[in-house]
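Chain identifiers are assigned alphabetically (A, B, ...) following the order of the sequence lines, protein sequences preceding nucleic acid strands; residue numbering begins at 1 within each chain.
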2 protein chains.
Amino acid sequence: MNVLIVDDEKSIVKGLKHSLEQQGYNVFAAYNGAEALEYLEKNIIDFIILDLMLPDTDGMMLCKRIRQKFDIPILMLSAKDGDYDKILGFEFGADDYMTKPFNTLELIARMKAIIRRTDRKSDDKSIVRDDLVINRNERKVYLRGEEVKLTAKEFDVLYLLASNPGRVFTREDIYSMVWKEEAYDVRTIDVHIKNIRDKIEDKNHHKYIMTKWGVGYYFNKN
Amino acid sequence: MNVLIVDDEKSIVKGLKHSLEQQGYNVFAAYNGAEALEYLEKNIIDFIILDLMLPDTDGMMLCKRIRQKFDIPILMLSAKDGDYDKILGFEFGADDYMTKPFNTLELIARMKAIIRRTDRKSDDKSIVRDDLVINRNERKVYLRGEEVKLTAKEFDVLYLLASNPGRVFTREDIYSMVWKEEAYDVRTIDVHIKNIRDKIEDKNHHKYIMTKWGVGYYFNKN
DNA sequence: AAAATCAATTAACTATATATTCAATAAAAA
DNA sequence: TTTTTATTGAATATATAGTTAATTGATTTT
């Protein structure tokens, strides 16, 4: 379990790092926002402890940016009391919040609680629909028992649609959710859809991916 | 959104109840563990605020029992500091924890954050009016249970009107909101309105889309 | 390091669903 | 009644989706 601490106060980082390592976590540190983002791009991080006050960026903005791109739980630290609604509210998407000075034991307890909570849903949930089984952890798809090899993008697109059956996604929706950036040419989705269909559908069996004309695509509910 | 407060201190219950009701929550109270369990059996509760010290049961045990039976988020309150690890840890399954005395605003912020986290996908916004159901995510319209197929533009126009019943929209309003550009010929709207009416209205049943002569159209409120 | 493989994107073309326009008719307001 | 506004159906135009192939980029193999 890899934890990233983002804080410019070296003493805090040092103390926390020590306590967390005693508990068996691998701890990494970043001393400003830019470092943090770079670190996240290059490493697999499971949990972030983020200070509100950083030398280069506003912690809340950083929190928001991290959330847009990564699905990693964040516990925010702040020196002053009273910002709970902003931090915990809908805008920035932190998972928990503590004020400095904090009790290290409580921080670790809160961290564990969040990890447990987010873990609950990430355990082996396969999506099953008729002849199709989509396994998220293994990133494998089975059609009538046979494995179907999808590419990374194909899998992500199919998984997005299949995990919200019936819900219509525009091409822009799909692009921003899967690619996590804004789309230049959104027709690339069409080609991916076609390739997925070629792999999981044929005329004898019913369709999984449906077209909503003028809007986008959705996964068949029936 | 129904919140159950489980606490034997009447003053706390009263204060919290007041604050939560101001925020639009429906608040229920139980003054001991037995009452709480009974309440949960008989009512639909979305969130529980649970005090650790109760006259009849130990709060942690109650938390554990609730968790075994219901999947409702729990925020625990305790008088003494220092039990975080037990409360937030794996054993009892609380989602969050605060010590008394607490800041009500922070409590509400934490509550909202937990609800948001557990809720993320349940934003299925449907408009229901008499025999008509308009599902926004699926972009589907049902009339007396039967699906009515609308084109993308038709759906957008209907959704716009139906999400503001009674409000009169000029053709220009509708055009700019749905097409997101300025209209050359707003008679286009007339044709779309006609086509929508053809699909969702007939002389036996009442009208959904009303004409405001000389102005535009609006969705029937009654 | 070069070649080969595979995935992703872009481009061009075809097919098809939908939107718009127009002109005749009907209905409502003055 | 006159005038203005709304409704309607059909034709035409436009927009969108599906398909195939070519290109680019990334990764693996030789």
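Rounded to a whole Å, the CG atom of A/Asn195 is 11 Å from the C1' atom of D/dT20. Note: CD1 (B/Ile193) to P (D/dG9) measures 16 Å, nearest angstrom. Note: CZ (A/Arg171) to P (C/dT10) measures 15 Å, nearest angstrom. Computed from coordinates, the A/Arg187 CZ to C/dT14 C1' distance equals 12 Å when rounded to whole Å. Between the CD1 atom of A/Ile196 and the P atom of D/dG18 there is a distance of 12 Å, given to the nearest Å. When rounded to the nearest whole Å, the span between CD of B/Glu181 and C1' of D/dA15 equals 12 Å.
Side-chain proximity of A/Val191 to C/dT18, C/dT21, D/dA21: nearest is D/dA21. Residue B/Lys194 places its side chain closer to D/dT8 than to any other of D/dT8, C/dA17, C/dT9. Of all nucleotides listed (C/dT21, C/dT9, D/dA17), D/dA17 comes nearest to the side chain of A/Thr211. Nearest nucleotide to the B/Glu154 side chain, out of C/dT10, C/dT21, C/dA19: C/dA19. Here the nucleotide nearest the side chain of A/Trp179, chosen from C/dT9, C/dA19, D/dT4, is C/dT9.
Between B/Lys153 and B/Asp156 there is no salt bridge, since none of the side-chain N atoms of the basic residue sits less than 4.0 Å from a carboxylate O of the acidic one.
For the OP1/OP2 pair of C/dA11 and a distance below 4.0 Å, the side-chain nitrogens and oxygens of A/Tyr184 include no atom meeting the criterion. Residue B/His192 places at least one side-chain N or O closer than 4.0 Å to OP1 or OP2 of C/dT20.
Of the options A/Lys199, A/Lys149, A/Arg197, a salt bridge (Lys or Arg N to Asp or Glu O under 4.0 Å) to A/Glu154 is made by A/Lys199 and by none of the others. The side chain to side chain contact (heavy atoms under 4.5 Å, CB included) test with B/Phe169 singles out one residue from B/Asn164, B/Val215, B/Ile189, and that residue is B/Asn164.
Between B/Phe219 and B/Tyr208, the ring planes are parallel. Angles under 30° get that label, and only those over 60° would be called perpendicular.
A donor N or O paired with an acceptor N or O is not found under 3.5 Å between the base of D/dG18 and the side-chain atoms of A/Arg197.
Counting non-hydrogen atoms under 4.0 angstrom, A/Val157 reaches nothing in the nucleic acid. B/Asp190 comes within contact range of at least one nucleobase, with a heavy-atom separation under 4.0 Å. Among the heavy atoms of the strands lying under 4.0 Å from A/Tyr217 are primed sugar atoms or P, OP1, OP2 only; no base atom is included. Residue A/Thr151 is in sugar-phosphate contact alone, with no base atom involved, counting any heavy-atom pair closer than 4.0 Å across all strands shown.
Annotation: cation-pi geometry satisfied between A/Lys10 and A/Tyr31 (NZ/CZ under 6.0 angstrom from ring centroid, within 45° of ring axis).
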